[in-house]
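Structure first, then comments.
No hydrogens, no waters, no symmetry mates; every other heavy atom, side chains included, goes into these values. Letters A, B, ... mirror the listed sequences (proteins, then strands); counts begin at 1.
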Protein chains: 2
Amino acid sequence: MAIFSRTCEYAIRAVLYIAHQSTPSQKIGIKEIAAGIDSPELYLAKILQNLSKKGIINSTKGPHGGFYIQEDSLRKPLSEIVEAIDGEGLFRGCALGLSQCSELNPCPLHDQFKSIRTQIHQVLSQTTIGEFNQELVEGILSLRK
Amino acid sequence: MAIFSRTCEYAIRAVLYIAHQSTPSQKIGIKEIAAGIDSPELYLAKILQNLSKKGIINSTKGPHGGFYIQEDSLRKPLSEIVEAIDGEGLFRGCALGLSQCSELNPCPLHDQFKSIRTQIHQVLSQTTIGEFNQELVEGILSLRK
DNA sequence: TAAATAAAAGATATTCTTGTCCTTTAAATA
DNA sequence: TATTTAAAGGACAAGAATATCTTTTATTTA
Ligand code: FES
Ligand code: FES
């Protein structure tokens, strides 16, 4: 088990890739994105469709069409992507799968995981989609396997 | 997505239940465990078989048989259960699914997730199977949905 | 030793996730 | 306006996780 579902991993990598590789006037096609992040092209297409419907990224059809991301979306937190795909289980669910995580009926791991989940949520909600562009350009960070 | 797989959630709950409900001389049957933690009986049987093979819990067949846990296993950390079922992905894998998490080829989330994973690992390796027995007896903590 | 009990083991079923294929729709351009 | 391009949409396929069913093995007890 990883932290995120595979789908969510692809989604985050793709969104970061789009953020640093394209602009509204220089869109990027699914083929190039899939190659750029090492993911199955047709599956990624479905994922981006979903993110596009939810307004996290944008797309246009036809020649010179493709995916891009609006200026102001660059300031959105990564938590939006995670919630769109994996839901809020990582932030709010009980670590041991009890139907609800609460102080009234806490599981044995409640206290310690409360702080872990808070930390995960903080990291993801404080980290924006656009903030890695420079490091990605410089090759300090990677999105490829 | 939750932190652990569903299988792993059942496993942890079951092991904690066995730890506080049985002794080597007072074993507990699969039916009672499954009822005690709200899990599908026959699926849980498979999971406990697996944990039994790996020495985390013990079992005996026949009348008055069932599952139990050795005195010294109570001091084992929960991380053993998690590693037995979900593997070490939660502790060592890359948050974005890159084939290896490393300082040489870090993904954008590397630094922040390194510390999150360390914290998860610490919690699970410092928390022992037996340490909740008293609170479970007193009903302060719960293993049921 | 035979019968009863309870877990182990193996086979099968169901559901969810991941991945692919094929057709349709929207946009650009010739 | 016809053609080309690229994403959207719907259907399907493969694989993995979860769940159930049946038979076998080990242990106890009558
Ligand atoms: S009740 Fe399990 S983490 Fe809160
Ligand atoms: S490389 Fe992704 S978490 Fe380390």
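- C/dT17 atom P lies 12 Å from atom CD1 of A/Ile85, rounded to whole Å.
- Here the P atom of nucleotide D/dT27 and the OH atom of B/Tyr68 are 11 Å apart, to the nearest Å.
- Protein atom CD1 of B/Ile57 is 17 Å distant from nucleotide atom P of C/dA6, rounded to whole Å.
- Listed by chain and residue number, nothing satisfies the salt bridge (charged side-chain N to carboxylate O under 4.0 Å, His left out) test with A/Glu131 (two or more places apart in sequence, or in another chain).
- Here the P atom of nucleotide C/dA8 and the NZ atom of B/Lys54 are 14 Å apart, to the nearest Å.
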Identify each donor-acceptor pair in which a side-chain atom of residues 94-122 of chain A lies under 3.5 Å from a protein atom, sequence neighbours left out, and give them as a table.
residue: A/Ser99; atom: OG; partner: B/Lys145; partner atom: O; Å: 3.0
residue: A/Ser102; atom: OG; partner: A/Leu104; partner atom: N; Å: 3.3
residue: A/Ser102; atom: OG; partner: A/Asn105; partner atom: N; Å: 3.1
residue: A/Glu103; atom: OE2; partner: A/His110; partner atom: NE2; Å: 3.0
residue: A/Glu103; atom: OE2; partner: A/Lys114; partner atom: NZ; Å: 2.9
residue: A/Asn105; atom: OD1; partner: B/Ser142; partner atom: OG; Å: 3.3
residue: A/Gln112; atom: OE1; partner: B/Thr127; partner atom: OG1; Å: 3.2
residue: A/Ser115; atom: OG; partner: A/Gln112; partner atom: O; Å: 3.4
residue: A/Ser115; atom: OG; partner: B/Gln119; partner atom: NE2; Å: 3.2
residue: A/Arg117; atom: NH1; partner: A/Arg92; partner atom: O; Å: 3.3
residue: A/Arg117; atom: NH1; partner: A/Gly93; partner atom: O; Å: 2.1
residue: A/Thr118; atom: OG1; partner: A/Lys114; partner atom: O; Å: 2.8
residue: A/Gln119; atom: NE2; partner: B/Ser115; partner atom: OG; Å: 3.2

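- By the 6.0 Å contact criterion, CD on A/Glu138 is enclosed, its count of non-hydrogen atoms from other residues, nucleotides or ligands being greater than 12.
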Protein proximity profile, nucleotides 20-29 of chain C - base contact B, sugar-phosphate-only contact S, no contact -, cut-off 4.0 Å on heavy atoms: BB---BBBBS

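- Annotation: proximity of residues 19-30 of chain B to DNA chain C (heavy atom, distance under 4.0 Å) is found for B/Ile28, B/Gly29, B/Ile30, numbered in ascending order.
- Atoms CG (B/Asn58) and P (C/dA7) sit 13 Å apart, rounded to a whole Å.
- Nearest heavy-atom pair, A/Ile69 versus A/Ser22, reported as atom, atom and distance to 0.1 Å: N-OG, 4.4 Å.
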Expected list for residues 42-51 of chain A: side-chain donor-acceptor pairs under 3.5 angstrom, two or more places apart:
residue: A/Tyr43; atom: OH; partner: A/Thr7; partner atom: OG1; Å: 2.6
residue: A/Asn50; atom: OD1; partner: A/Lys54; partner atom: NZ; Å: 3.1

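- For the pair B/Leu143 and B/Phe132, the minimum side-chain heavy-atom distance is 4.5 Å or more.
- For A/Tyr10, no side-chain nitrogen or oxygen approaches OP1 or OP2 of C/dT18 to under 4.0 Å.
- Here C/dA9 presents its C1' atom at 6 Å from CD of B/Gln49, a figure rounded to the nearest Å.
- A straight line from CG of A/Asp86 to C1' of C/dC16 spans 13 Å, rounded to a whole angstrom.
- The residue among B/Ser5 and A/Ser59 whose nearest nucleotide of DNA chain D lies closer to the 5′ end is A/Ser59.
- In terms of phosphate contacts, A/Arg6 brings no side-chain nitrogen or oxygen within less than 4.0 Å of OP1 or OP2 of D/dA16.
- Put simply, the side chain of A/Lys31 reaches to within 4.5 Å of the side chain of A/Glu41, judged on heavy atoms.
- Rounding to whole angstrom units, CD of residue B/Glu32 and C1' of C/dT5 are separated by 15 Å.
- Rounded to the nearest 0.5 Å, atoms OH (B/Tyr68) and OG1 (B/Thr23) are 10.0 Å apart.
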Expected list for residues 71-87 of chain B: side-chain donor-acceptor pairs under 3.5 angstrom, two or more places apart:
residue: B/Lys76; atom: NZ; partner: B/Gly55; partner atom: O; Å: 3.0
residue: B/Asp86; atom: OD1; partner: B/Ser5; partner atom: OG; Å: 2.6
residue: B/Asp86; atom: OD2; partner: B/Ser5; partner atom: N; Å: 3.0

